[in-house]
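Both backbone and side-chain heavy atoms feed into the values below; hydrogens, waters and symmetry mates do not. Residue numbers count from 1 along this sequence.
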Amino acid sequence: MSVVKINALEIPPQAGDEIVKRFTARLDSLAEVPGFEGFELLRPTGEAEQRWFVYTRWRDQASYEAWRDGDGARASHAQGAGDGGPRQPVSTGATLLEFEIEVAAGPSGR
């Protein structure tokens, strides 16, 4: 059963372009991670929600934990990752939400 991890990030309104740039720059690092099934960066569109959501799906909890506890997560979250210099965090806070997928649907393929 796949698991979903959603990191709810508190991003100042003026920092939206920067968070998109940073996540886009490190997408390739996830492509070959064993057990990784998907990633989406969700920008809030309504006035009631100001947090950005980082949605990842993993084959199982063990796959997620192997990535989280390994060099991949450390490298992707390191300040200055990819640009050679230190940089400040974009988010002012974060909350990790965790789920198992119980029911899912997709296109029928017709």
Side-chain angles (χ1 to χ4, degrees):
M1 183 64 61
S2 293
V3 296
V4 170
K5 306 298 178 180
I6 301 173
N7 201 354
L9 302 176
E10 298 169 25
I11 305 294
Q14 70 277 11
D17 290 344
E18 180 64 20
I19 197 72
V20 169
K21 177 180 147 186
R22 290 186 187 189
F23 275 100
T24 301
R26 61 186 190 219
L27 284 180
D28 289 343
S29 67
L30 287 171
E32 301 302 319
V33 174
F36 174 74
E37 295 181 343
F39 165 91
E40 293 176 350
L41 176 62
L42 307 175
R43 178 181 55 86
T45 59
E47 293 185 26
E49 182 60 70
Q50 297 301 305
R51 295 174 298 173
W52 289 61
F53 291 88
V54 180
Y55 172 99
T56 58
R57 191 176 62 252
W58 300 86
R59 177 178 51 231
D60 51 33
Q61 183 67 21
S63 297
Y64 168 74
E65 290 172 358
W67 172 82
R68 180 198 65 199
D69 298 340
D71 292 338
R74 280 190 288 280
S76 68
H77 291 99
Q79 290 188 9
D83 64 9
R87 60 183 178 194
Q88 297 298 313
V90 175
S91 69
T92 58
T95 303
L96 181 64
L97 309 171
E98 302 179 274
F99 303 91
E100 287 184 348
I101 297 175
E102 291 293 326
V103 178
S108 64
R110 292 185 217 179

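Summarising the geometry of Leu9 relative to Val54, their closest heavy-atom pair is CD1-CG2, 3.6 Å, with the distance given to 0.1 Å.
Distance check, rounded to the nearest 0.5 Å: CG of Leu96 to CG of Asn7 gives 5.5 Å. Note that CG of Leu41 is 9.5 Å distant from CZ of Arg43, once rounded to the nearest 0.5 Å. Expressed to the nearest 0.5 Å, how far NZ of Lys5 lies from CH2 of Trp58 amounts to 10.0 Å.
Remark: the backbone N or O of Arg26 is paired with a side-chain donor or acceptor of Ser29 at under 3.5 angstrom.
Residues passing the side-chain contact (heavy atoms from CB on, under 4.5 Å) test with Ala62, sequence neighbours excluded: Asp60. Checked against side-chain hydrogen bond (donor to acceptor under 3.5 Å, both in side chains), Trp52 has no partners two or more places apart in sequence or in another chain. By the salt bridge (Lys or Arg N to Asp or Glu O under 4.0 Å) test, Glu49 is found to be paired with Arg51, residues two or more places apart in sequence or in another chain being considered. Here Glu40 pairs with nothing under the side-chain hydrogen bond (donor to acceptor under 3.5 Å, both in side chains) rule; sequence neighbours left out. Residues forming a side-chain contact (heavy atoms from CB on, under 4.5 Å) with Thr92 (at least two apart in sequence, or on another chain): Glu10, Pro12. Residues forming a side-chain hydrogen bond (donor to acceptor under 3.5 Å, both in side chains) with Arg59 (at least two apart in sequence, or on another chain): Ser63. Every residue meeting the side-chain contact (heavy atoms from CB on, under 4.5 Å) condition with Glu65, not counting sequence neighbours, appears here in chain and number order: Gln61, Arg68, Asp69.
Residue-environment remark: CD (Glu100) stays at or below the threshold of 12 foreign heavy atoms within 6.0 Å.
Side-chain contacts under 4.5 Å among hydrophobic residues (ILVMFWY), followed directly or transitively, place Leu97 together with Met1, Val4, Ile6, Leu42, Phe53, Tyr55, Phe99, Ile101.
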Output a table of donor-acceptor pairs, distance under 3.5 Å, between side-chain atoms of residues 31-39 and any protein atom two or more places apart or on a different chain; print 'none' if there are none.
residue: Glu37; atom: OE1; partner: Ser2; partner atom: OG; Å: 2.7
residue: Glu37; atom: OE1; partner: Arg57; partner atom: NE; Å: 3.4
residue: Glu37; atom: OE2; partner: Ser2; partner atom: OG; Å: 3.4

